[in-house]
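Since the structure comes first, as structure tokens, the remarks are kept for the end.
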Amino acid sequence: MKKTVTILGIISLVLGFASSLLCLLPNKGILFAIIVGFFGMLASNIYIFLNTRHQINKKTFTPGLIGLLLSSTPVLFILFFILKQKFGF
């Protein structure tokens, strides 16, 4: 079980980092970032569930949590531009 959780942690970090980088690409980059971010969030949620259930990693900041934060970057990016357009700042 520990090996599965470790692999899921690495996958969630890689997908989260990739989705954050894809946000910076022009044109269709944000679309691909959302797709990759979705799979990153999925892997991170599975990691957090298994880690909590079996109490493998007891640190405060686990790879699943960091991957979840990185995977949510495209959504926050879109939200920022929507608010910027609405309020004009």
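Computed from a prediction, not measured in an experiment: that's the story for all the values here. Both backbone and side-chain heavy atoms feed into the values below; hydrogens, waters and symmetry mates do not.
- Sorted by first and then second residue, the ring pair (Phe, Tyr, Trp, His ring centres under 6.0 Å) pairs with a member in residues 60-85 read Phe77-Phe81; sequence neighbours excluded.
- To the nearest 0.5 angstrom, Asn51 atom CG is 10.5 Å from Lys2 atom NZ.
- His54 has its side chain out of reach of Val5: every pair of non-hydrogen atoms, C-beta onward, lies at least 4.5 Å apart.
- Interatomic distance, CG of Leu79 versus NZ of Lys84, reported as 13.5 Å (0.5 Å rounding).
- Connection of Ile48 to Leu69 is not established within any shared hydrophobic cluster, with ILVMFWY side chains joined at heavy-atom distances below 4.5 Å, either directly or through further cluster members.
- Nearest heavy atoms, Ser12 versus Ser71: O-OG, 4.4 Å.
- With sequence neighbours left out, the side chain to side chain contact (heavy atoms under 4.5 Å, CB included) criterion links Ile10 to Thr6, Val14.
- In this structure, CD1 in Ile82 is found 10.0 Å from NZ in Lys86, a value given to the nearest 0.5 Å.
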For residues 15-44, tabulate all N or O donor-acceptor pairs below 3.5 Å that involve a side-chain atom, not counting sequence neighbours.
{"residue": "Ser19", "atom": "OG", "partner": "Leu15", "partner atom": "O", "Å": "3.4"}
{"residue": "Ser19", "atom": "OG", "partner": "Gly16", "partner atom": "O", "Å": "2.9"}
{"residue": "Ser19", "atom": "OG", "partner": "Leu70", "partner atom": "O", "Å": "3.4"}
{"residue": "Ser20", "atom": "OG", "partner": "Gly16", "partner atom": "O", "Å": "3.1"}
{"residue": "Ser20", "atom": "OG", "partner": "Leu70", "partner atom": "O", "Å": "3.1"}
{"residue": "Ser20", "atom": "OG", "partner": "Thr73", "partner atom": "OG1", "Å": "3.3"}
{"residue": "Ser44", "atom": "OG", "partner": "Gly40", "partner atom": "O", "Å": "2.8"}
{"residue": "Ser44", "atom": "OG", "partner": "Gly64", "partner atom": "O", "Å": "3.4"}
{"residue": "Ser44", "atom": "OG", "partner": "Leu68", "partner atom": "N", "Å": "3.3"}

